[in-house]
Amino acid sequence: MTPKLWGGNYETAPDRAFWEFGASFPFDRRLLGEEIAASRAYARALGECGAIPREDARKLDDGLGQVLERAKMVPGYLELDVEDVHSFVETRLGEIVGELAGQGHLARSRNEQTVTALRMFVRAACDRAAAALAGLVEALCDKGEEGAEAVMPGFTHVRAAEPITFGFWASALAWGFARDRQRFQDARRRANVLPLGSGALAGTPLPLDRARLAAELGFEAVSPNALDAVSDRDFAAEFAFACAQAQTRLSRLSEELIWHSGPEYGFYRLPDAYTTGSSLMPQKKNPDALELLRGKAARVQAAVQRLLVMQKGLPAGYQKDLQEDKEAVFDAADAVLGSLPVATGVIAGLVLDRDAMRRAASREELYAASLAVALARDGLPFRQAHHVVGALVSAAQVLKRPLREIARERLRAQHPALAARVDAIFDPDEAVRAKSTEGGTAPETVRASLSAARATVRG
Ligand code: ARG
């Protein structure tokens with residue numbers, strides 16, 4: 001057990017098992033870069049406001065820079081039996097600047113430090129997630145443009161419902177991921193508020209220039225209440241939710257890609273680079289990448305739950321429970337940031353099978369709704385038209401004859417013009433072209449929607 005940041009009023013050392021149980025250094029060492037950046041800015045601020053001599057501030061600032069250097073260069077440098085990353089930094093700083101190291105902590109509390117570092121981590125993770133999501137949206141738009149005319153069935157209740165195009169499907173996903181990106185940008189705004197200068201809970205008696213500290217550390221604002229600043233973890237829960245929504249969408253996408261790339265549908269082939277073989281069955285190319293994207297949704301959703309339940313019973317102020325925040329945040333961030341490039345690679349590498357899609361989109365039932373709408377536009381009240389077409393579908397099934405033939409025969413008497421253009425209604429290309437109002441399947445409409453989605457992630 002190396003020196004602690006406290007102990008003046010203690011006669012015994014902490015119980016060993018409790019020490020190991022309570023130490024956060026095994027995981028909060030990930031915040032070393034953030035912790036040192038914040039500590040350097042704080043040391044400078046102490047010098048600027050006259051709380052310590054400027055020369056001491058400079059020594060602290062330089063010494064902290066050296067700690068970071070050594071952490072990168074010296075093997076085993078992180079192997080110190082300390083309580084947390086804050087204790088690590090102060091201990092290592094002491095090896096460089098001696099007793100002065102403690103002055104860097106003047107009027108400062110780990111309660112504000114830990115949340116400052118975590119906010120910096122979350123901010124950077126939001127930026128990375130937003131950039132990765134922009135990449136995924138671009139890949140969906142590229143593929144979508146490639147398949148803007150490729151008709152395929154669209155599904156409801158996992159049953160083929162109406163014809164759409166691959167591009168239309170890709171555009172739907174692109175818009176979802178574009179919103180996920182905005183969610184990270186929103187979460188970043190609320191995370192990007194500086195707690196430093198809050199002390200343990202009540203603020204600082206030093207005339208620190210907090211606005212300048214914030215600017216130096218890239219924060220947009222300073223926290224307006226010290227007690228709130230050390231208690232608040234909603235920025236962490238919000239970040240985890242942004243991760244969870246994105247990962248959940250990845251999971252849904254994966255589920256669909258797994259089915260539709262399999263032999264039963266065969267709408268497209270997955271790139272080999274994202275599948276693995278079977279040790280027994282030589283024919284297999286398993287969609288492991290997609291299965292993991294789907295599987296990881298469990299852990300990211302759990303992170304939201306962890307962060308909410310952790311906060312649930314806590315009064316205002318720092319409580320050690322809050323130390324549990326970090327692993328949940330790291331876990332959510334790692335899963336999403338690891339998943340997004342993989343999903344992007346899968347989408348970019350899809351090989352479309354236009355014939356398979358078209359075959360599946362040619363099933364006659366998929367055109368029943370269009371036929372009902374056409375009948376209604378020919379004068380029949382829509383509910384009746386719906387009923388009439390339902391009866392035609394049923395007759396086709398019973399007689400085992402093509403729906404379009406039945407329709408042609410039975411509509412001829414009362415709707416001769418419509419009966420004559422039944423083939424057009426059952427034509428997949430016509431069907432998708434007919435939906436040219438904004439948001440519909442017409443290839444031109446889809447192209448416009450794809451470029452609008454692209455524009456949102458380029459802005
Ligand atoms: N390691 C703690 C955390 O991660 C910060 C230390 C605050 N500890 C304290 N006893 N006030 O939350």
Side-chain angles (χ1 to χ4, degrees), residues 1-10 12-39 42 64 67 71 78-93 101-102 104-125 191 193-204 223 226-237 239-240 303 306-334:
M1 215 172 294
T2 35
K4 304 182 296 299
L5 301 186
W6 44 272
N9 65 344
Y10 275 81
T12 55
D15 171 75
R16 184 70 219 171
F18 164 55
W19 175 259
E20 281 170 16
F21 171 71
S24 56
F25 192 50
F27 51 87
D28 70 9
R29 61 180 59 191
R30 271 185 79 162
L31 298 175
L32 184 66
E34 288 85 354
E35 170 64 17
I36 287 185
S39 292
Y42 190 76
L64 286 162
V67 173
L78 290 175
E79 298 321 309
L80 209 56
D81 185 20
V82 288
E83 201 178 339
D84 52 27
V85 67
H86 321 291
S87 317
F88 173 83
V89 171
E90 194 169 314
T91 307
R92 289 302 196 195
L93 181 61
H105 208 72
L106 181 59
R108 197 160 64 130
S109 162
R110 285 179 292 165
N111 301 353
E112 54 180 326
Q113 284 175 258
T114 186
V115 77
T116 298
L118 191 62
R119 281 177 181 271
M120 291 169 77
F121 176 91
V122 163
R123 181 175 77 184
V193 176
L194 177 78
L196 217 51
S198 295
L201 74 161
T204 180
S223 54
L227 183 56
D228 177 40
V230 295
S231 314
D232 171 19
R233 292 298 182 279
D234 48 62
F235 75 91
F239 168 72
R306 283 168 74 177
L307 287 160
L308 290 176
V309 178
M310 175 199 76
Q311 295 178 68
K312 171 181 174 297
L314 300 185
Y318 179 84
Q319 339 280 327
K320 194 74 164 201
D321 313 47
L322 293 172
Q323 178 168 289
E324 291 285 312
D325 60 357
K326 280 168 278 296
E327 286 164 295
V329 165
F330 296 157
D331 206 36
D334 289 345

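Note that ligands are numbered from 1 as they come in the structure, with each ligand's atoms numbered from 1 the same way.
- Ligand-side atoms of ligand 1 in range of R110: 6 (C), 7 (C), 10 (N), range being under 4.0 angstrom from any heavy atom.
- Annotation: atom 1 (N) of ligand 1 to nearest protein heavy atom, Q323 OE1, 2.9 Å.
- Closest to atom 3 (C) of ligand 1 among all protein heavy atoms lies Y318 OH, 3.2 Å.
- Residues R16 and D81 are paired through a salt bridge, judged by an N-O separation under 4.0 Å between the basic side chain and the carboxylate.
- Taking a 4.0 Å cut-off on heavy atoms, Q113 fails to register as neighbouring ligand 1.
- No donor-acceptor contact under 3.5 angstrom links the side chains of R108 and T204, judged on distance only.
- Applying the 6.0 Å contact sphere to CD of Q323 captures more than 12 heavy atoms from other residues, nucleotides or ligands.
- At the shortest separation from atom 4 (O) of ligand 1 among protein heavy atoms lies K326 NZ, 2.7 Å.
- By the 4.0 Å N-to-carboxylate-O rule, D334 lies close enough to R30 to be salt-bridged with it.
- Salt-bridge annotation for R233 and D325: present, with a side-chain N of the basic residue lying under 4.0 Å from a carboxylate O of the acidic one.
- Ranking the protein heavy atoms by distance from atom 11 (N) of ligand 1 puts N111 OD1, 2.7 Å first.
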